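Below is one structure; the comments refer to it alone.
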Amino acid sequence: MKNLIFFLSFLLLMAWQPAMAADVPTISKDELKSKLNTENLVILDVRSGRDWSSSEFKIQGAIRAAGADIGEWSKNYAKDQPLVLYCA
Amino acid sequence: MIHSLFLSLALGAGWLLSPESLVIAGNAAGQMGWMTLPVLAFITLLFTACGNLINSAQVTNTEIKEQLMLQSITGKIPATGFSLAAVIPLLVLAATALLVTSGYTFNEVFLYWFPNFGFSFLLLALLTILQFFSDKVIFRAQICFVSLAAGGLLMLSLYGIATTEIPFGLLFKQHGNFSSTSSATLLLLFVGSSGAGFSNGKQQPSLLLPAFGFILFFCWILVSLAAVSPERLTSSTIPYMTAARKIMGDPGRQIMGMVIISGTCAAITGLMLVCRKMLCDIAGITTEGLVSCKKLRWGFPPLIALISAILMATGLAGDELLEVILRGALILWLLRYALLCLAAIIHIKEHSQTFPLPGAVCTFILMAALFSLIFSNPHRIEMLGFLISMLGISGLLATIWFFISRNITAGKSENFQQMEKNL
């Protein structure tokens, strides 16, 4: 019974994770393109290592920010600041 | 004869044509400007002299293999440990890094909808399957990869030379700074260049591969400097693509895409063959031929592919650490090469009573450059940790291997004694 509860909790947790991710608003490529010159828009390139260095496509003006250091760099931005994060 | 030379070149030139080498050359060109060209010429001569030294040590005794030469100065277990540390981490890490780069290149240049990691895994699977074919098929595939990569790079270079509006004489009037760190980094272009042993055991001219590398990179660096500003070349993580786009626009990107993917295939196949041959030599020497190379052939490629696949899947490619440890793996290969040169000097001194001064000077320069590569790296602590741990693990593996091989040879000789008694 204990194992079953653990298993069900695990499944619930797994199902909850995408639900949480679904709450994060996403932006399409064209939408971002139209907003590129907006004054307070900040684009953060969260790719790291070879994922970043091997890629030819880097948005001009994007700031590199390591996903693991979110606690550090998130302090630099106001809560109502629009931030666009891209990882691929 | 020509086929043998071509094959030897194709087997040794794998790493030379890898995307990593193109990054090293591009960044060095940005930092040193036209000064990169004489430095490249010097490194070509250095590797030729080192190759001559090793060849002449083998001439005094045609039976002596590289592994035996190394054993003569370090002893059996350290020599085996050094060889394992020089090739296995390099193969695994280079496969991981280069396949990821190829995946991105394929996705961004050829098929935008095709997932980059999907392509990396597909290429890894295909290159592993290739290892199960006969040597003839593998050699032909390698010649094909090298021809495509070298041909594409030469084509872009010649097109750039023919169409550039900047007179090349002007390049030599622009900045040219000597940087010892960048010069030492250029040594890494010639890593993995010991494919001569595959050509029916005949020694190949030691100038062959360095000269090939020199011609290729001389042309490429020259057009890169003419097309792209030194600042851009220095700061770019993909200087090869920046230069290709400037030289020929979108077709240039596509040609460079082909160079990157075929260069990756050439580097992994070349390193896989060098690694297999080295392990075969070690197994042959330590077990007196009782462990056949066939067993290594079937087990080794899937094992390497599995480790690389795990490293890619666990996100090592997205970690900055990969760059540090890949550099460390390249240094380990050069360290073994330097030790081999040292062994050749001692061997020549003992057998022909002459001291090979030019070879000794080159070995000294190689050793000094190695120290510079380690200690000028901003992540030197992590790198030293990697070097020490790899040497330690390889030493341990070598000890275990010797323990096992001693049992194998002892068991076999007991069987022989029993058979003799029975007869």
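What's counted below: heavy atoms across the whole structure, side chains too, no hydrogens, waters or symmetry copies. Order of the sequence lines sets the chain letters (A, B, ...), proteins ahead of strands, with each chain counted from 1. Computed from a predicted model, the values in this text were never measured in an experiment.
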Within a radius of less than 6.0 Å around [atom1] of [X], do more than 12 heavy atoms belonging to other residues, nucleotides or ligands occur?
X: B:Arg232; atom1: CZ; result: no
X: B:Tyr112; atom1: OH; result: no
X: A:Glu31; atom1: CD; result: yes
X: A:Lys58; atom1: NZ; result: yes

inquiry  = With rounding to the nearest 0.5 angstrom, report the CZ to OH distance, A:Arg47 to B:Tyr104.
reply    =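 Answer rounded to 0.5 Å: 6.0 Å.
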key: Most chain A-contacting option - heavy-atom pairs closer than 4.5 Å, from B:Thr105, B:Asn107, B:Ile238   =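 The residue among B:Thr105, B:Asn107, B:Ile238 with the greatest pair count is B:Ile238.
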request  = Output the option from B:Pro19, B:Ala97, B:Gly103 having the highest count of non-hydrogen pairs under 4.5 Å with chain A.
outcome  =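 Top option by heavy-atom pairs under 4.5 Å: B:Ala97.
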key: Closest non-hydrogen atom pair, B:Glu108 against A:Ser55   =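 Looking at all heavy atoms of both residues, the shortest contact is OE2-OG, 2.5 Å.
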request  = Check whether B:Val23 gets within reach of chain A through its side chain, its backbone, both or neither, counting any heavy atom under 4.5 Å.
outcome  =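 Contact with chain A is absent: no heavy atom of B:Val23 under 4.5 Å.
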query = Considering the options B:Leu316, B:Val100, B:Asp319, which one meets the side chain to side chain contact (heavy atoms under 4.5 Å, CB included) requirement together with A:Arg50?
reply =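 That would be B:Val100.
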query = Side-chain donor-acceptor pair under 3.5 Å between B:Thr237 and A:Ser53, yes or no?
reply =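 Judged by distance alone, the side chains do not pair up.
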key: Under 3.5 Å side-chain donor-acceptor pair for A:Ser48 and B:Glu320   =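 B:Glu320 and A:Ser48 do not have a side-chain donor-acceptor pair below 3.5 Å.
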